Amino acid sequence: MRFLLLLAAVALLAVPADAQPRRGGAPQQTLSVSDALATVAVNAGGSDRNAVPGSGCSGFINNGTPTAAVEVSGDGPLSIYATSGTDTTLLVSDPAGRWHCSDDANGSNPAVTFAQAAAGTYVVWVGTFSPDEAAGAQLSATRGQPSW
């Protein structure tokens, strides 16, 4: 009986756990936001399930490679959002290391909005709702509300 319990424990430990994204990975793109809208074309999606818990934290990303780093100067309102012809998701790590997620803020397009965003680097992953679904997307960051 002990052998079976030991075997079951080993089998459970062998199952890979979903890993959280690496904030320190080299981003594919960098955007700088002061007062004007900043946009860049990106590739969304990946094979890693978004393992950050919370509302809107769905989809698939590449854990090791953030989609973009958004450099924000000054403080005030900030919106980071993506538009695409496919169902995309958004994961943002703010300068304090807190996670923010969005899925379907405007149709199938995600947005994370901060009423009072701190200056610093926001690390962003644009994901897709389905695994390994590569999608072209437009990532935008602006002071104020999204301009869909």
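Every value quoted in this text rests on a predicted model; they were computed, and no experiment measured them.
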Distance-minimising heavy-atom pair for [X] and [Y]:
X      : Y      : result
Cys101 : Ser55  : CB-O, 3.8 Å
Pro146 : Ala111 : CG-CB, 4.2 Å
Ser58  : Asp103 : OG-OD2, 3.4 Å
Arg98  : Arg23  : N-NH2, 4.5 Å
Thr30  : Pro27  : OG1-CG, 4.4 Å
Val70  : Ala141 : CG1-CB, 3.8 Å

How many angstroms lie between [atom1] in [X] and [atom2] in [Y], if you round to the nearest 0.5 Å?
X      : Y      : atom1 : atom2 : value
Thr89  : Phe129 : OG1   : CZ    : 9.0 Å
Asp87  : Asn109 : CG    : CG    : 8.5 Å
Thr86  : Glu133 : OG1   : CD    : 5.0 Å
Asp132 : Ser47  : CG    : OG    : 5.0 Å
Gln20  : Ser93  : CD    : OG    : 9.5 Å
Ser102 : Ile80  : OG    : CD1   : 11.0 Å

Do the side chains of [Y] and [X] get nearer than 4.5 Å, heavy atoms only?
X      : Y      : result
Asp94  : Val112 : no
Leu78  : Thr113 : no
Thr121 : Pro95  : no
Val40  : Gln138 : no

Handout entry: Test applied, side chain to side chain contact (heavy atoms under 4.5 Å, CB included); reference residue, Pro21; option that passes from Asn63, Val123, Asp48
Key =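 Output: one option passes, namely Asn63.
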Is there a path of hydrophobic side-chain contacts, each under 4.5 Å between heavy atoms of I, L, V, M, F, W or Y residues, that connects [X] with [Y]?
X      : Y      : value
Trp125 : Phe60  : no
Val72  : Val126 : yes
Tyr81  : Val42  : no

Backbone N/O of [Y] and side chain of [X]: donor-acceptor pair under 3.5 Å:
X      : Y      : value
Trp99  : Val92  : no
Thr142 : Gly144 : no
Arg143 : Ser34  : yes
Ser84  : Gly136 : yes

Exercise for the section: Go through the steps for Leu90 and Leu139 under the test side-chain contact (heavy atoms from CB on, under 4.5 Å), then give the verdict. Expected result: CA-CA 10 Å; Leu90 194 61; Leu139 178 64; 4.3 Å; yes
Handout entry: Pair Thr67-Gln29, side-chain contact (heavy atoms from CB on, under 4.5 Å): steps then yes or no
Key = CA-CA 6 Å; Thr67 304; Gln29 303 281 342; 5.8 Å; no
Exercise for the section: Apply side-chain contact (heavy atoms from CB on, under 4.5 Å) to the pair Glu71 and Leu31, showing each step before the final yes or no. Expected result: CA-CA 6 Å; Glu71 301 290 339; Leu31 290 103; over 6 Å; no
Handout entry: Validation row, ring centre Tyr122 to ring centre His100 under 6.0 Å
Key =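 No, the ring centres sit 6.0 Å or more apart.
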